[in-house]
Structures are given as structure tokens and as C-alpha cells.
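Keep in mind it's a predicted model, so treat the numbers as computed, not measured.
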Amino acid sequence: MSDRSFTGKVLPLVAAAIMLLAIGMIFFYLPEMKGESGEVLDSSFRIFYFHMPVAITSYLAFTVVFISSILYLRNGEYKWDIVSRSAAEVGVVFAFLVLVTGSIWAKATWGWYWIWEPRLTTSLALFLVYVAYLLLRQAVDAPDKKARLASVFGILGFVSVPLSFLSIRLWRSAHPLMFGDASYGSGGGLEGTSLQLTLLVNIIAFILVFAAITSYKIGNEKLEEEANALRSSLR
């Protein structure tokens, strides 16, 4: 089986199947959650199982941008610029979903949609950095210059990823730790096989969705570049 057949046909099917399993686990496999005083929490805690995997996937997407930007500057191969562009576009969508799901979770858990605390602020900054990355690509016409500038931006802008991830360790924050102390705002951690397994399956599902969408975009970008090259040769 060719790589294109796998990424174009098999990978999307696998991603869809795992995502359906992940959603089913969130709504039908997870046990009821209880607060510190023993009261049963409403179902809003379940959004955590979307929020955290989406955040991890956004970090992965921007890591791909970082690595492919380095490879472009090192080798000058245009395929790495296509990978950077595709991963950044998908990553921005995931970063936006982080803000949306985080706000919904915060409202249900703490009573507010937004507060200027370290994790929320750095998550917004991360989103805006890569929106700026995409705008930079739109602002420059020359392909080589665009690729070089975008690669430099993709490398320098990556500092926002560890800054966002480590923000709740560097500064006092209302946000729970992503690992080691993940909670639902009720003081409860990820204790129990069902909770950990559901989280793991959702992380895998969102990473597969990212891989499928990015692969699709890379294929489209390559076809578009080939079409542009053919049109140029016919002029």
C-alpha cells in the first residue's frame, strides 16, 4: 500500500473510528464524578476530555512547524515549507478550540469564562502568534522569501509553546496542572483506570485527526504547487 493510499484512505477511517470510540467513552464509559464534599458533579466535567487532548495536539502541531522550519532552512527543500504551512493552519484551529473548550470548562467549574491568569493568557498568546505566522505568509508574495521568513518566524515563535505549557508551573495559576495534578476544578485528580484510559484514547484520537487533516492539506498543497508550476511552464 502506498503512502498516499494510507494517508488518503486508511488514516482518516482509523481517525474517525478512534474518535467515535473516544466520544462514546466520554459519555457512556466514564463514571459519575464527585466533588470534595461527595456531591455528584454535572456532566460539564466531561469537556475536560476534549480540552486537554486538543491542547496537547495543538502543541504537537506547532512542534511540527518548528521542526519542519528548521529542516527547510537547513536543506532548502520546499516540501518542508508545505509541511510547516499545513501543520500551522491545522494547529491554529486546535489552538482556537483550546480557548473555546477551556472557557466552557472554566465557566462550569469556577463560574467565569475568562480571567487574565497565566495559562489562559499564554494560550491566547500562542494562538495569536500562529495567526500572525499565517498572516505573514499571506503578506509576502515571493515564494522563496515567504518560505524563509515563515521558517524563521516558525522557529522563533515556538517559544510560545513551552511558555504556555510551563506557565502554571512558572506562575501562580487557577488552572490545574496538565500532568500529575489534572483535575476538574473540584480537587479530584485523574485517579482510576476508566478516567486515565478515556483520556489516553481521546489524546490518540485527536492526534490521529490532526495527522489525517494535515496529511490531506499537504497533499492538496503539493497538487496546487504542481498545477502552478505547470501553468507557469505553459506561459
Lys217: side chain to side chain donor-acceptor pair (under 3.5 Å) partners, not counting sequence neighbours: Glu89
same_hphob_cluster(Val152, Val64) at 4.5 Å side-chain heavy-atom cutoff: yes
If I take atom OG1 from residue Thr198 and atom OH from residue Tyr49, how far apart are they, to the nearest 0.5 angstrom? 6.0 Å
Taking all atoms of both residues into account, what is the closest heavy-atom pair of Ser167 and Thr122, and its distance? OG-OG1, 3.4 Å
Distance col, row Leu71:CG vs Trp80:CH2, nearest 0.5 angstrom, shows 5.0 Å
Could you tell me which residues satisfy side-chain contact (heavy atoms from CB on, under 4.5 Å) with Thr63, sequence neighbours excluded, listed by chain and number? Ile67, Phe158
Could you pull out all residues at least two apart from Ile218 that satisfy side-chain contact (heavy atoms from CB on, under 4.5 Å)? Ile82, Val83, Ser86, Thr214, Lys222
Leu13 reachable from Leu11 in the ILVMFWY side-chain graph, under 4.5 Å edges: no
Is Phe206 close to Ile56 at the side-chain level, that is, under 4.5 Å between some pair of heavy atoms? no
Measure the spacing between CZ of Arg119 and CZ of Phe165 and express it to the nearest 0.5 Å. 7.5 Å
In short, Ser58 meets Ala55 closest at the heavy-atom pair OG-O, 2.6 Å
From Ser84 atom OG to Lys79 atom NZ, the distance as rounded to the nearest 0.5 Å: 12.5 Å
Could you grab the distance from atom OG of Ser123 to atom OH of Tyr59, nearest 0.5 Å is fine? 5.0 Å
Do you know which two heavy atoms are closest between Val65 and Ala88, and how far apart they sit? CG2-N, 3.5 Å
Treating Ser164 as the side-chain partner and Ser160 as the backbone partner, does any N or O pair qualify as donor plus acceptor under 3.5 Å? no
Under 3.5 Å donor-acceptor pairs involving side-chain atoms of residues 124-143, not counting sequence neighbours:
residue, atom, partner, partner atom, Å
Tyr133, OH, Arg137, NH1, 3.0
Arg137, NH1, Asp81, OD1, 3.1
Arg137, NH2, Asp81, OD1, 2.9
Arg137, NH2, Asp81, OD2, 2.7

Run the side-chain donor-acceptor check on residues 19-31: report pairs under 3.5 Å with partners two or more places apart or on a different chain.
none

Looking only at heavy atoms, what is the nearest atom pair of Tyr72 and Glu77, with distance? CD1-O, 3.2 Å
Taking side chain as C-beta onward, heavy atoms only, is Leu199 less than 4.5 Å from Pro53? yes
How many angstroms lie between atom CD of Gln196 and atom CG of Leu200, to the nearest 0.5 angstrom? 9.5 Å
Let me check something: any side-chain donor-acceptor pairs from residues 90-99 under 3.5 Å, sequence neighbours excluded? List them with distances.
none

Does one hydrophobic cluster hold both Trp105 and Tyr113, with members joined at side-chain heavy-atom distances below 4.5 Å? no
Tell me whether Phe66 is reachable from Val159 by hopping between hydrophobic residues (I, L, V, M, F, W, Y) whose side-chain heavy atoms are closer than 4.5 Å. no
